Protein chains: 2
Amino acid sequence: MAIPSLARVKCSDCPIRHRAVCARCDEDELQILESMKSYRSFAAGEAILWRGEPLSFVASLVSGVASLSKTMEDGRTQMVGLLLPSDFIGRPGRSRIEFDVTATTDVTLCCFDRKPFERLVDETPHVAQRLMELALDELDAARDWMLLLGRKSAREKIATFIEMLARRSRGTEPVPDGPIQLPMTRDQIANYLGLTLETVSRQFSALKKEGVIDFTDRRRFEVRDIIALQDATGDDADGGILS
Amino acid sequence: MAIPSLARVKCSDCPIRHRAVCARCDEDELQILESMKSYRSFAAGEAILWRGEPLSFVASLVSGVASLSKTMEDGRTQMVGLLLPSDFIGRPGRSRIEFDVTATTDVTLCCFDRKPFERLVDETPHVAQRLMELALDELDAARDWMLLLGRKSAREKIATFIEMLARRSRGTEPVPDGPIQLPMTRDQIANYLGLTLETVSRQFSALKKEGVIDFTDRRRFEVRDIIALQDATGDDADGGILS
DNA sequence: CGCTCGGTTGATAAAGATCAAGTTATGTGG
DNA sequence: CCACATAACTTGATCTTTATCAACCGAGCG
């Protein structure tokens, strides 16, 4: 069950202050958000929101990793998004969502009741603009993932996934070049990449045998050969430099 | 080459008036858009925008079909979006796009120079709100497509594609139950669905042999058995009724 | 201590890609 | 208007990749 957390972090001290939906807000606007917010925590594996369920709150992800996924009648599932700190859950103007939101690791959310938040969005261009940016970023990420799902080989998918984790944690992790934590099980990785867990395991083993990565533990690895890794992703060498 | 069209349709008579970026605008706002807009036409196959190229204009698609696609170094291509009348091209706050935009059929665009348009967005909540809705709709569509690309079989992909075309043209086509036009070649369909053109052709043939669809011509077909078609998509029978 | 869960590895099967002919349209120039 | 060229499409044979089925391993926990 979700445990409403009483711990109160001041918005100005919040770790996601400059990236979340409040990024563009000034002090006055922050005051309003401060008075509306409440924290909730979810344990790894817990459902945060179910597909189709009425959406009573929206939230910013403060810490941990959550995932968006779609499941077919026969059980096939596809992850359609990975939420990291500062990502937003919920939509202005929509009372339901079309996918499940699940806590992948232990998660803390900064929640707002939906109705008051929507009123705020209408009145606060800074919030509306930031929400727009976040939506467009998600759209770009979704499109990159479509290329991966539709056209990349298993090896390329795994390499892309690892490279993404490595790049992302360079900002977040305490030791910049140290071991990287896999925030999910092989099965969840498979659902993210459109593979089976066996194929995921085999590709990890192959990259390990080639000396590209090295596992210190089943959930923790280090990149040994970043060039070979980027090569294996199938992406342009300078991918993103133009942007 | 793009031929700047001199034909001027009044916004109030525009076929996409209530669905495009201007949907929520009142008469005064429409006046402003009217004075800023210009039409451009592109022939089937022509490039509208290249990935990475500076974005000088944004536009609404007035007629025809355009596609967004990403291409890897070795030529593998994945379509990441299909633009239909009323869809928007370009992003507020971004000077480049991360994919190619191509005219799939002959296309007419209602264009706005980017800079003035961005100023307008900042000053006109009706436009900003509509842009947000359009972006969220695209995001939902992208996520549905991720499930298709990652988890559906070739047969399910083709059935989903046909069902989507059928549903969509029910609104647009002159004869509601008549033949439906395929707006793209087998090769383009393959790039949309993450398949090869041979597999696309084979699946069409299979559905035809089973009497689910019937081709009146290579680019025109009729749905003979809608139940069997929906069955073959792999989606929930009531998919979308809840939304 | 033995169970369970997450993970690895191997053998086999199936789906779809690839390679290779052909066939049907759609032009285009004579 | 016809002959021919070309692009779009279909179909078949074969090969590759990844899924599926199955056995097993090791860490953590009741």
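All values derive from a computational prediction rather than experimental measurement. Proteins come first, then strands; the chains are lettered A, B, ... in the order of their sequence lines, and each starts at number 1.
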_Interatomic distance, A/I189 CD1 vs D/dT18 P [rounded to whole Å]_ = 17 Å
*Atom CG of A/D187 to atom P of D/dA19: distance rounded to whole Å?*
13 Å
*Within 45° of the axis and under 6.0 Å from the centre of the six-membered ring of B/F57, does NZ or CZ of B/R40 qualify?*
yes
*Side chain of B/K152, backbone of B/T233: donor and acceptor closer than 3.5 Å?*
yes
*Report the distance from atom NZ of B/K209 to atom C1' of D/dG12, rounded to the nearest whole Å.*
12 Å
*Whole-Å distance between C/dG7 C1' and A/Q188 CD?*
13 Å
*Any chance you could list the contact pattern along nucleotides 9-20 of chain C? Use B for base contacts, S for sugar-phosphate-only contacts and - for none, protein heavy atoms under 4.0 Å, 5' to 3'.*
BBB----SSBB-
*Where is the tightest heavy-atom contact between A/T160 and A/E156, given as atom of each residue plus distance?*
OG1-O, 2.6 Å
*Determine to 10° how strongly the helix from C/dC1-D/dG30 to C/dG30-D/dC1 is bent, judged from the axes of its five-pair ends.*
30°
*Contact check, side chains of B/W145 and B/L82, non-hydrogen atoms, under 4.5 Å*: no
_Electrostatic pair A/K70-B/D235, nearest N-O below 4.0 angstrom_ = no
_Assess whether a salt bridge exists between B/E138 and A/R143, defined as any Lys/Arg side-chain N lying under 4.0 Å from an Asp/Glu carboxylate O._
yes
_Counting the benzene-type ring for Trp, do A/F221 and A/F204 have ring centres under 6.0 Å apart?_
no
*Check every strand shown and say whether A/R76 touches a base, only sugar-phosphate, or nothing at a heavy-atom separation below 4.0 Å.*
nothing
*Hey, is B/D140 close enough to A/R94 for a salt bridge, meaning N to O under 4.0 Å?*
yes
*Between B/V62 and B/P85, what is the shortest heavy-atom contact and its length?*
O-CB, 3.4 Å
*Figure out the CZ/P separation between B/F204 and D/dA8, and round it to whole Å.*
16 Å
*List the protein contact pattern of nucleotides 24-30 of chain D with one symbol per nucleotide (5' to 3'): B for base contact, S for sugar-phosphate-only contact, - for none; contact means a heavy-atom distance under 4.0 Å.*
-------
*Are A/E198 and A/R202 within salt-bridge range, i.e. N to O under 4.0 Å?*
no
*D/dT18 C1' sits how many Å from A/L149 CG, rounded?*
15 Å
*Is there a donor-acceptor contact under 3.5 Å from the side chain of A/R51 to the main chain of A/D100?*
no
*asked:* Can you see if the side chain of A/R219 gets near the phosphate of C/dG7 - specifically, an N or O under 4.0 Å from OP1 or OP2?
replied: yes
*Whole angstrom value for the distance that separates P of D/dA8 from CZ of B/R220*: 19 Å
*Could you give the NZ-to-P distance, from B/K208 to D/dT10, as a whole number of Å?*
9 Å
